[in-house]
Each structure stands twice: as C-alpha cells, then as structure tokens.
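One structure is given below, encoded as structure tokens.
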Amino acid sequence: MPKEKTTKRAATKRTEKKKKDPNAPKRGLSAYMFFANEQRENVREENPGISFGQVGKVLGERWKALNDKQRAPYEAKAAQDKKRYEDEKASYNADAEEEESS
DNA sequence: TTGCTGATTGTTTCT
DNA sequence: AGAAACAATCAGCAA
C-alpha cells in the first residue's frame, strides 16, 4: 500500500522556489503535464465557460479515469522529458565540476 | 542501504 | 505575474 508520506507542502510554497543549486537542473515534466496538455482542450471543450478550479478538478479525475494504457503515452512523454532533464543535470554537473575544478 | 523531503513541472482561469 | 487544485517525479541527502 502506498504509504501516505507526510506530503505536507503548504501549496503556494512551490511558487516561492528557494534556490538551492547553482544552475538548478529543474527536473523533467510529469505525465500529468503532458496529459493536461491534451486534455485541457477537451475538458474545456466539454465544459465551456467553467472556472479554473473546475477544470483542474475534472482534469485530475479524468486523468485517473484513463487506463494505464491511456496514461502510457503521457507517461512515455514524461519519461522522454525526464531524459531531457538528464541533459540539464549533465550541464549542472558539468558546471559544478568546473567550479570545483577551479 | 534505505527512505524521506523538498523542489519542480505544466495547465487553466482570475485579480 | 502569481495564486491554487490536479498529479507525477525523482534526484540528492541523511542516518
């Protein structure tokens, strides 16, 4: 069973973004990001004139409503994006090394 | 070695 | 421009 880890991040906290790394190798996106990219149009189309709160909620419900197969394409994208992140990480590592080298 | 936490990602809409 | 619901993530650090 999924341990409900103490995910106690007080919202808007993420917007504070405290810089901790020199070049911060921002991670890749999430499957939801790709899913939202496609569904956002569909959801908004099915719910014309709905507020952001509703869209976001219905979006999440539909996200899980999909079968693993459906999430596959999104997860695949997430995996791909993650790769992209690897590049950032490389840059970040290279830079860090450079600094250390100096 | 293991596990946690924090930081981050993108969307929408609103003021 | 930033804020919040929505979900995933996953990389680095500590004991």
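Quick caveat: nothing in here was measured; it's all calculated off a predicted structure. In what follows, chains are A, B, ... by sequence order, proteins preceding strands, each numbered from 1.
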Examine C/dA11: is either OP1 or OP2 under 4.0 Å from a nitrogen or oxygen in the side chain of A/Lys82? Give yes or no. yes
For B/dT11 and A/Trp63 - does any side-chain N or O of the residue sit under 4.0 Å from the phosphate oxygens OP1/OP2? no
Please determine if A/Lys82 and A/Glu86 form a salt bridge, counting it only when a charged side-chain N lies under 4.0 Å from a carboxylate O. yes
When the distance from CG of A/Asn37 to P of C/dA7 is rounded to whole Å, what number comes out? 17 Å
Tell me the interatomic distance from A/Tyr32, atom OH, to C/dA5, atom P, rounded to whole angstroms. 13 Å
Would you mind telling me which of B/dT11, C/dC6, C/dA8 lies closest to the side-chain atoms of A/Ser30? C/dA8
Measure distances between side-chain N and O atoms of A/Arg27 and base N and O atoms of B/dT8, and say whether any donor-acceptor pair falls under 3.5 Å. yes
Nearest-neighbour nucleotide for the A/Met33 side chain, B/dT9, C/dC6, B/dT11 considered: B/dT9
If each of A/Asp81 and A/Gly53 is mapped to the nucleotide of DNA chain B with the nearest heavy atom, which maps nearer the 5' terminus, i.e. the 5' end? A/Asp81
Select base, sugar-phosphate, or nothing to describe what A/Tyr85 touches, counting heavy atoms under 4.0 Å on all strands. sugar-phosphate
In whole angstrom, give the distance that lies between atom CD of A/Glu38 and atom P of C/dC6. 22 Å
Of all the choices, B/dT9, C/dA7, C/dC10, which nucleotide is nearest to the side chain of A/Leu29 once you look at every atom? B/dT9
Taking 4.0 Å as the cut-off, does a side-chain nitrogen or oxygen of A/Lys64 come that near to OP1 or OP2 on C/dA7? yes
Want to settle it: does A/Gly60 or A/Ala79 sit nearer the 5' end of DNA chain C, counting the closest nucleotide to each? A/Gly60
